[in-house]
Amino acid sequence: MNEVKIVIAGPRGNMGKEAVKLVDRTEHFSLTAVLDSKSSGQTVKDIDGLPSMDAPVYTDLDLCLSEVECDVLIDLTTPEYGKKHMEIAFSHGVRPVVGTTGFSNEDVQELSKTAEQKGIGAIIAPNFAIGAVLMMKFAAMAAKYFPDVEIMEQHHDRKLDAPSGTAVKTAKMISEVREAKVQGHEDEREDMDGARGADYEGMRIHSIRLPGLVAHQEVLFGGEGQTLKIRHDSMNRGSFMPGVQLAVETVLKIDQLVYGLENIME
Ligand SMILES: NC(=O)C1=CN([C@@H]2O[C@H](COP(=O)(O)OP(=O)(O)OC[C@H]3O[C@@H](n4cnc5c(N)ncnc54)[C@H](OP(=O)(O)O)[C@@H]3O)[C@@H](O)[C@H]2O)C=CC1
Ligand SMILES: O=C(O)C1=N[C@H](C(=O)O)C[C@H](O)C1
């Protein structure tokens with residue numbers, strides 16, 4: 001495979017750090033710059049916890065993509081910046097691979113339209129862990145037979161968005177096959193706000209945040225006299241990196257936006 005020139009946005013973050021290490025150890029990947037929210041003018045090796053690499057640090061993506069060669073932008077920041085970064089990448093003909101979560105449906109549709117108009121490949125993956133993608137697919141399979149379902153996601157207590165991108169994507173995949181249904185019963189009430197979780201087309205999503213957790217999700221189904229639980233656990237951020245690598249390699253071969261790793265897994 002030809003060398004893939006990569007810029008990473010969010011290199012100081014939990015995921016950004018792992019992504020820099022992935023690029024460092026992958027022979028056909030090359031890091032041409034990183035985009036940080038501070039400290040432009042330095043190089044990657046000046047950032048604590050990152051490998052000794054000479055790629056420059058920028059704080060302005062537009063400037064960065066004007067000055068360095070880049071095939072793929074990996075964005076692991078916040079939904080607010082992730083969307084702006086994708087738009088800037090498109091304007092430079094650069095293909096975004098985005099793990100950032102918290103985008104609305106409208107955001108994804110808008111970005112999809114831009115990618116299509118420009119004929120540029122892009123991937124937004126709410127979860128890069130192969131096991132998590134299988135969990136979502138298995139949940140969608142089960143929902144055909146068990147329309148009563150609740151999603152319980154658990155994350156570290158520094159997470160910005162709730163529900164998680166994975167939980168929203170799981171609910172979306174389930175809703176595509178599940179017979180529409182409002183669960184529970186008509187007299188059900190919440191004596192405390194939020195007790196029944198968020199409502200996605202009648203399915204409930206519960207978000208737990210605790211120190212010590214990384215990223216975990218359980219999809220619970222209930223039927224007459226039986227329950228079914230489908231669970232995935234990410235114990236560390238290394239779990240996401242094979243999916244990031246797959247997305248970087250795939251985004252070079254497509255000319256539209258793909259939302260979800262399940263759409264590019266063989
Ligand atoms: N798809 C997947 O598989 C996964 C997705 N995620 C998602 O990825 C995102 C990042 O997660 P995580 O690494 O845990 O979060 P962190 O908070 O650890 O990292 C986010 C980083 O983004 C930086 N940042 C924010 N704004 C900008 C900007 N404008 N330009 C450059 N950098 C910026 C922050 O820097 P500063 O603090 O200086 O502002 C911070 O270092 C989240 O949306 C999360 O939900 C997480 C894990 C897996
Ligand atoms: O913030 C995280 O940590 C994670 N975010 C993604 C999400 O919102 O689903 C993916 C994974 O769950 C870890």
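Just follow the structure's listing: the first ligand is 1, and inside any ligand the first atom is 1. For reference, positions follow the sequence shown, starting with 1. For clarity, every value in this text was computed on a predicted model and none was experimentally measured.
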Among L65, V23, V68, whose side chain to side chain contact (heavy atoms under 4.5 Å, CB included) with T32 holds?
V68
Residues in side chain to side chain contact (heavy atoms under 4.5 Å, CB included) with E176, at least two apart?
K172
Hydrophobic cluster identity match, M152 and L228, side-chain contacts under 4.5 Å:
no
Is it true that a side-chain atom of R95 and a backbone atom of V251 form a donor plus acceptor pair closer than 3.5 Å?
yes
Which residues, ordered by chain and number, are linked to V214 in its hydrophobic cluster, where ILVMFWY side chains connect at heavy-atom gaps below 4.5 Å, directly or through other members?
none
Kindly print each ligand 1 N/O atom paired with any protein N/O atom under 3.5 angstrom away, one pair per line, or none if nothing qualifies.
from     : atom 1 : to   : atom 2 : distance (Å)
ligand 1 : 1 (N)  : G99  : O      : 3.1
ligand 1 : 1 (N)  : A125 : O      : 2.8
ligand 1 : 1 (N)  : P126 : O      : 3.1
ligand 1 : 3 (O)  : F128 : N      : 2.7
ligand 1 : 13 (O) : N14  : N      : 3.2
ligand 1 : 13 (O) : M15  : N      : 2.8
ligand 1 : 14 (O) : N14  : ND2    : 3.2
ligand 1 : 18 (O) : N14  : N      : 2.9
ligand 1 : 18 (O) : N14  : ND2    : 3.3
ligand 1 : 35 (O) : S37  : OG     : 3.4
ligand 1 : 38 (O) : S37  : OG     : 2.6
ligand 1 : 38 (O) : K38  : NZ     : 2.7
ligand 1 : 39 (O) : S37  : OG     : 3.2
ligand 1 : 41 (O) : G13  : N      : 3.2
ligand 1 : 43 (O) : T101 : N      : 3.1
ligand 1 : 43 (O) : T101 : OG1    : 3.4
ligand 1 : 45 (O) : T101 : OG1    : 2.5
ligand 1 : 45 (O) : K159 : NZ     : 2.9

In the structure I gave you, are the side-chain heavy atoms of K118 and Q256 within less than 4.5 Å of one another anywhere?
no
Under 3.5 Å, is there a donor-acceptor pair between the side chain of S164 and the main chain of A167?
yes
Are there more than 12 heavy atoms of other residues, nucleotides or ligands under 6.0 Å from atom NZ of K113?
no
Sorted by chain and number, the residues that approach ligand 2 to under 4.0 Å with a heavy atom:
T101, P126, N127, H155, H156, K159, D161, S164, G165, T166, A215, F240
For V258 and G260, the nearest pair of non-hydrogen atoms, with its separation, is CG1-O, 3.6 Å
